[in-house]
Amino acid sequence: MTTTLFRPCHCKIVAALGLFLIHTSSQASMAAPAGNHNVTVADFQDDGGIKGKVTTSDGQPAEFATVILNGKKGVQVGKDGSFRFENLQAGTYKLTISFIGQDPQEKTVVLKEGETTSVDFALNANSKALNEVLIVGDKYTITSKKQSNSVARLPLGYLENTQVYSVVDKELIREQMSVTLDESFRNVPGAAPAKTGAGIPAFFSRGFVTNDNLRNGMATFTRTTIDLATVERVEAIKGPSSTLFGASMVSFGGLVNYITKKPFEYMAGEVSYTQGSYDLSRITADFNTPVNSDQTLLFRMNVAYQKENSFQDQGHGTTSVIAPGILYKVNDRFTLRVDADIQNYSGTSSSAWIVSPAVNVKSYDKLRLDYKRSLIDNSFVSKMYSNNIFVQAEYKLSKNWTSTTNYAWATGGYNNMYYFNLTWLSDTTIARSIGVHSPDRLGRKHIQQNFTGDFKIGEMRNRLVVGFDFMDQYRNLKYNMLQLDTVNTLGTAKDVRVQNVDDRLASLNTAETLSRQYSYGAYFSDVLNITRKLLVMASLRVDYFDNKGTKNNLTQVVTGKYDQTAFSPKFGVIYQPVLNKISIFANYMNGFKNVANTVQPDGSVSSFKPQQANQLEGGVKLDLFDNKLAATISYYDMQIKNSTRAETRDNLVFTVQDGTQESKGLEVEIIANPLPGLNVITGYGYNENKYKKAAAALVGKRTVGAPENVGNIWLSYTILKGSVKGLGFGGGAMYVGDAFYDAANSFTLPSYTTVDATIFYNTPKYRISVKGNNLTGEKYWVSDGFYARPQKLSNFLVSLALKF
């Protein structure tokens, strides 16, 4: 399926581009009279041609469908459904018809010299359904199918995959006016938003925090937020997934993989401007064009620039993003793709709140401090950056086998990044300290090779991926924590300036530490159709981790060297009692985390095994009423072993590795399109994550930061006919239950419910959107299990997007 930013106006743009190419190229051209929807692709050698009509299932013209010739040259059908290719040489041609939300159709035509052949297509959907897709977009049609080659690294449909995952695509992101990656998480069942120590997007899933994010299935090292201007879709993959993705980038609760926008075959673009509360000002641009006349070299550029102040009395930030991408179709078998993004942030970092055991109140909402009071200063401007480069070479080895080589280079860092640690000493006193990264530079190089096969063993279909990867990680860190003062929340806080902190830092002789790790992995995953309805899956990964240790650049002493080998299996079974409609699944999945050696109090060194998570899960997936209703219900039980814990022997505290933990729960997701223009997405997650064998104070306690209950719902309706066609309304809510801030389960992050709503008007040339977030003004905090952060009160956005 050809992806476009905006199909209805492509015909005129391709016509204009064609006239330009005729003037500048003597070998191949695209041309059409201005305003004529019957665009012609011409080689100007012979007089042969191909013409035809594309209609819907009820016989109406399928305007804006795309017809592609031999996978390269494309035209858009006109208002009467017709298309035409002229001046073609004699030979065999393959025509592919594409329309948003529809499966592509192909026909082969043998053209004789000087002959014009007629070929007609009929789409499976009726004109009313296609009109809805054009106005509303493809979010629910595509999301319900959840087609993704990156989740299992295999061409599996959602009903064929034994793993549970959720997809948030660009149409839903646009409708909700989401700006950063963490805003998309509100659509993932059971996902409770979180923030890392530096404010990087994260969420709790199945009782564990997920704070690293993959980009196109490959490594990142993010040290800024992730701007959704570069993102096509977000995939949240549930459960321990080390078998295919290793241990460095995933948690036992799952992982987040965001897919970046890639070039396509037509010239199109969009420019938008947004203003909002807290002096938000944001501009984005998305431009795509073929570079050559046969559309084998494609280019796309996304940029974004944003300034915003905090909802509190201090705080501000400026974000910039540049993301170019190139796709080169070398031939019918070989495709190269290169894309990158450069993201920079300049501003204050969000404060990190900590509560000590001496505090008497038992919940954040009971602490005595004005919610809008920050206790920081705007002079502490931090510099953060995240850069990613992705290269992919895909080669069709044969009809049944494909080779895919991926390379990702990710760097992130802080240049004089200041973040305030605000520690509650009592109900009304706070100790202020400041952590300074000056600098902190991180990087990952990730190389991956996959061989993917889709073939038959007798009458049984077999889908197999065999792959290996290598990752090189480093971190160069210079870090100081400076104690500032103690302030009374009921009085006036002392002023603190960045100059005072810098003067103190200059007098210190701080060591820079340099650490490096290598990991080597090899894996396979095989899905076998025993029958059309019964599928079994088996996967295995072997992973070798080599930690080179941490070097102090002042003393030149290296500490912490160790290496480990881990095996990670995965099994699953799928049975479809109603083919392509109902799927009953069960899986066993494994995850692992590398555990460093420990120097014991008696001077001995203990070597440990990797920590292991083993999950059993079962449930049902539905895709009913021609993609009008998709649902997933699953129950999981995850057993964690090889956890380290403290044990006292002869008044000495040793570290031992016999700790256990259990995380179990239920997840439900429903996506529906019950009426034309009406769309619903809702989810619920219940999780109970408790320590079983641990330090005495932890046995039976819930893990820090993870709520038991999380629910979300979003409904939208778009008018599809009449004078206000394209006018739409949306609204939804998210509920996150109580979570414990501390390991003793004595202090609570209170539950909260946020309510959002939007009004939008979408036309072929522009889109106007108005959004209100947290309309009830709920005061709430999110945490990564250590720090906590207050979140925005009621805020509003107004946006205008121009399309071309």
Side-chain angles (χ1 to χ4, degrees), residues 5-6 135-140 143 167-188 191 193 201 203 225-234 258 261 269-286 302-311 317 319-321 323 343 677 679-682 712-719 726-734 754-763 765-778 791-803:
L5 290 174
F6 173 59
I135 296 172
V136 177
D138 62 349
K139 60 179 177 294
Y140 297 99
T143 304
V167 173
V168 183
D169 75 354
K170 64 181 185 302
E171 297 291 348
L172 186 55
I173 289 169
R174 180 185 295 118
E175 185 173 274
Q176 295 180 345
M177 297 180 69
S178 300
V179 173
T180 59
L181 184 68
D182 46 315
E183 294 179 66
S184 69
F185 297 161
R186 71 189 72 178
N187 302 293
V188 178
F203 68 77
T225 59
I226 298 172
D227 197 295
L228 290 175
T230 69
V231 176
E232 182 78 11
R233 54 192 260 142
V234 179
Y258 64 96
K261 296 175 180 177
E270 181 176 302
V271 177
S272 71
Y273 179 69
T274 303
Q275 275 204 342
S277 302
Y278 317 124
D279 295 320
L280 171 70
S281 183
R282 172 179 173 85
I283 187 167
T284 66
D286 186 351
N302 280 272
V303 296
Y305 180 80
Q306 175 178 311
K307 293 178 69 71
E308 184 181 18
N309 291 329
S310 169
F311 72 94
T319 302
S320 63
V321 183
Q343 304 196 33
N679 297 289
V680 181
I681 181 168
T682 185
N712 64 280
I713 186 169
W714 181 263
L715 301 91
S716 68
Y717 178 71
T718 305
I719 298 171
L727 179 64
F729 310 87
M734 182 174 191
T754 58
V755 178
D756 307 332
T758 183
I759 302 174
F760 52 88
Y761 183 54
N762 194 29
T763 77
K765 294 185 177 181
Y766 62 89
R767 178 185 177 93
I768 301 173
S769 305
V770 180
K771 175 79 180 297
N773 293 312
N774 192 10
L775 294 176
T776 61
E778 186 92 340
Q791 300 300 295
K792 291 180 182 178
L793 295 166
S794 299
N795 59 94
F796 299 88
L797 304 171
V798 179
S799 178
L800 171 64
L802 304 178
K803 312 171 189 179

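- The line from CD1 of Ile759 to CG of Leu727 is 8.0 Å long, rounded to the nearest 0.5 Å.
- Taking Asn302 as the reference, Lys261, Asp286, Arg300, Ala323 meet the side chain to side chain contact (heavy atoms under 4.5 Å, CB included) condition, with sequence neighbours excluded.
- The distance from the CD atom of Gln306 to the OG1 atom of Thr284 is 10.0 Å, given to the nearest 0.5 Å.
- Remark: Tyr717 engages no residue in a ring-ring contact (aromatic ring centres under 6.0 Å, His included) (not counting sequence neighbours).
- A pairwise comparison of heavy atoms in Met734 and Pro193 identifies CE-CD, 3.5 Å as the closest pair.
- Each of Val321, Ile173, Val179 was compared with Leu228 under the side-chain contact (heavy atoms from CB on, under 4.5 Å) criterion, and only Ile173 meets it.
- Residues satisfying the side chain to side chain contact (heavy atoms under 4.5 Å, CB included) criterion with Ala285, sequence neighbours excluded, are Val271, Val303.
- When all heavy atoms of Ser184 and Val234 are compared, the pair lying nearest together is OG-CG2, 3.8 Å.
- Residue Thr319 holds its OG1 atom at 7.0 Å from CG of Asp227, rounded to the nearest 0.5 Å.
- Between the side chains of Asn774 and Gln791, no donor-acceptor pair is found at a separation under 3.5 Å.
- Side chains of Leu793 and Tyr278 form a contact here, defined as non-hydrogen atoms less than 4.5 Å apart.
- Two residues are said to be in side-chain contact when any heavy atoms from C-beta on lie closer than 4.5 Å; Asn762 and Arg174 fail this criterion.
- No side-chain heavy atom of Lys307 sits under 4.5 Å from any side-chain heavy atom of Asp279.
- When the side chain to side chain contact (heavy atoms under 4.5 Å, CB included) test is applied to Tyr273, the partners found at least two apart in sequence or on another chain are Gln275, Ser281, Ile283.
- Taking 4.5 Å as the limit, some side-chain heavy atom of Asp756 sits within range of a side-chain heavy atom of Arg186.
- Closest heavy-atom contact between Ala191 and Phe203: CB-CD1, 3.6 Å.
- By the 4.5 Å heavy-atom criterion applied to side chains, Val798 and Thr274 are not counted as neighbours.
- Here the OG atom belonging to Ser799 is positioned 9.0 Å from the CZ atom belonging to Arg282, to the nearest 0.5 angstrom.
- Between Ser277 and Glu308, the closest heavy-atom pair is O-OE2, 4.3 Å.
- Contact record, Met177 with Lys771: SD-CB, 3.2 Å, taken as the closest heavy-atom pair.
- Residues Ser320 and Tyr305 approach most closely at CB-CD1, 4.1 Å, considering heavy atoms.
- Rounded to the nearest 0.5 angstrom, Tyr761 OH and Ile719 CD1 are separated by 9.5 Å.
- Annotation: side chain to side chain contact (heavy atoms under 4.5 Å, CB included) contacts of Phe760 (sequence neighbours excluded): Glu175, Thr718, Thr758, Arg767, Ser769.
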Would Lys792 and Asn773 count as a side-chain contact (heavy atoms from CB on, under 4.5 Å) if you check the C-alpha gap in whole Å, the side-chain angles of each, and the deciding distance to 0.1 Å?
CA-CA 9 Å; Lys792 291 180 182 178; Asn773 293 312; over 6 Å; no
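- Tyr258 meets the ring-ring contact (aromatic ring centres under 6.0 Å, His included) test with no other residue; sequence neighbours excluded.
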Step by step, would you call Glu232 with Lys170 a salt bridge (Lys or Arg N to Asp or Glu O under 4.0 Å)?
CA-CA 5 Å; Glu232 182 78 11; Lys170 64 181 185 302; 3.1 Å; yes
